[in-house]
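Here the structure is laid out as structure tokens; the discussion comes afterwards.
Quick note on labels: first sequence line is chain A, next is B, and so on, each numbered from 1. Only heavy atoms go into these numbers, but all of them, side chains included; no hydrogens, no water, no symmetry mates.
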Protein chains: 2
Amino acid sequence: MSDDCVMPLSDVQAEACPIVQIIDRVAGKWSVSILVAATRGPVRYTELERSIPGISRRMLTLTLRNLERDGLLERTVYPTVPPKVEYRATESARGLYGHLTGLLEWAEQHRPDIIEARMEYDRAQALAA
Amino acid sequence: MSDDCVMPLSDVQAEACPIVQIIDRVAGKWSVSILVAATRGPVRYTELERSIPGISRRMLTLTLRNLERDGLLERTVYPTVPPKVEYRATESARGLYGHLTGLLEWAEQHRPDIIEARMEYDRAQALAA
DNA sequence: CAGAATCCGTGAAGATACTG
DNA sequence: CAGTATCTTCACGGATTCTG
């Protein structure tokens with residue numbers, strides 16, 4: 001236990017950008033849908049807004065910015081009138097596609113189970129109170 | 001993670017559980033590590049606390065409760081002294097293992113790229129200002 | 001050991017209105 | 001169309017204390 005020597009390099013890097021943070025960015029609530037869509041093909045802003053139920057403009061913009069900042073999305077502006085902006089997944093982000101769609105499939109398949117498990121848990125909890 | 005969604009039974013459950021919420025629960029910041037560990041084998045509370053850097057007691061407990069509530073974790077208490085509590089992934093949660101470990105692998109492999117992309121983005125942003 | 005309970009600061013997230 | 005700007009609310013998450 002008492003390993004009070006120098007902190008390994010891996011831990012230092014982990015502190016600068018912990019793996020948990022990357023997971024959150026890449027598999028976060030809104031990121032999943034965006035990354036999947038942007039991997040299938042270039043998508044426009046409003047297109048994303050319509051295809052992701054429940055997302056607000058602010059959160060869409062924020063998530064897009066963050067994904068772009070991390071080098072997962074590429075943003076292309078066409079200076080037309082009205083303006084046109086396309087987002088597409090970068091090469092490194094494409095490796096996520098399989099896992100993310102897998103997650104989405106799992107979620108859809110198990111949604112009924114989750115809803116029921118939740119109700120049962122809450123019911124048991126209500127009885128205890 | 002919308003952790004405090006302990007909605008009353010009167011709610012319309014079918015629509016109150018969007019796919020995005022499931023994704024958040026299942027692939028959330030802390031859930032990933034917990035689910036992966038609990039799939040590999042039964043894990044104890046303190047064991048999880050030690051193996052997940054950066055997690056607080058509160059978040060560990062909260063995430064465990066939510067995962068249990070959704071039927072993804074099974075909690076077993078052994079009435080020994082001192083008490084022993086084990087968490088293990090349920091059958092339905094095991095289907096997530098491949099996708100989650102895939103995400104973790106991707107994250108580890110691309111961490112250097114992300115760190116650099118982030119620095120470059122910030123540098124470009126600083127120049128624009 | 002494995003939590004529960006409490007307080008509290010910070011940031012996430014929504015709603016709305018505005019703009020080039 | 002593709003965003004900003006502003007305001008507000010609420011939940012995340014840390015720190016601490018207590019307990020069976």
Atom-pair distance ([atom1] on [X]; [atom2] on [N]), nearest Å:
X      : N       : atom1 : atom2 : answer
I52(A) : dA13(C) : CD1   : P     : 14 Å
L67(B) : dG3(C)  : CG    : P     : 13 Å
R50(B) : dA2(C)  : CZ    : P     : 9 Å
E47(A) : dA2(D)  : CD    : P     : 9 Å
Y45(A) : dC1(D)  : OH    : P     : 12 Å
L60(B) : dA15(D) : CG    : C1'   : 16 Å
L73(B) : dA2(C)  : CG    : P     : 15 Å
R44(B) : dA2(C)  : CZ    : C1'   : 9 Å

task: For dG3(D), take OP1 and OP2 only and decide whether either is under 4.0 Å from a side-chain N or O of T61(A).
output: no

- prompt: Does a nitrogen or oxygen in the side chain of R75(B) sit under 4.0 Å from OP1 or OP2 of dA2(C)?
  reply: no

- request: For residues A89(B) and T39(B), report the shortest heavy-atom separation together with the two atoms involved.
  value: CB-OG1, 3.4 Å

query: What's the shortest heavy-atom distance between L48(A) and A37(A), and which atoms?
result: CD2-CB, 3.9 Å

query: Do any pairs count as a ring pair (Phe, Tyr, Trp, His ring centres under 6.0 Å) and have a residue in residues 91-114 of chain A, sequence neighbours left out, and if so which ones?
result: W106(A)-H110(A)

field: Electrostatic pair E108(A):R111(A) at N-O distance under 4.0 angstrom
entry: no

query: Got I34(A) and L60(A) here, is their nearest side-chain heavy-atom distance under 4.5 Å?
result: yes

query: Which residue, L72(B), L62(B), V26(B), forms the side chain to side chain contact (heavy atoms under 4.5 Å, CB included) with L67(B)?
result: L72(B)

message: Counting primed atoms plus P, OP1 and OP2 as sugar-phosphate and everything else as base, spell out the protein contacts along nucleotides 14-20 of chain C at 4.0 Å heavy-atom distance: B, S or - for each nucleotide, 5' to 3'.
response: BB----B

Nucleotide nearest P82(A) (side chain, heavy atoms from C-beta), chosen from dC1(C), dC1(D), dG3(D): dC1(D)

- prompt: For the helix from dC1(C)-dG20(D) to dG20(C)-dC1(D), how many degrees between its two end axes (five pairs per end), to the nearest 10°?
  reply: 60°

message: If only side-chain N and O atoms count, and only distance matters, is there a donor-acceptor pair under 3.5 Å linking T76(B) with Y87(B)?
response: no

- prompt: Side-chain donor-acceptor pair under 3.5 Å between E86(B) and Y78(B), yes or no?
  reply: yes

Separation of Q21(A) CD from D70(A) CG (nearest 0.5 Å): 7.5 Å

field: Most 5' of D24(A) and R65(A) on DNA chain D, judged by nearest nucleotide
entry: R65(A)

message: Just to be sure I understand the rule, does Y78(A) reach a base, reach only the sugar-phosphate, or reach nothing, if contact means heavy atoms closer than 4.0 Å?
response: nothing

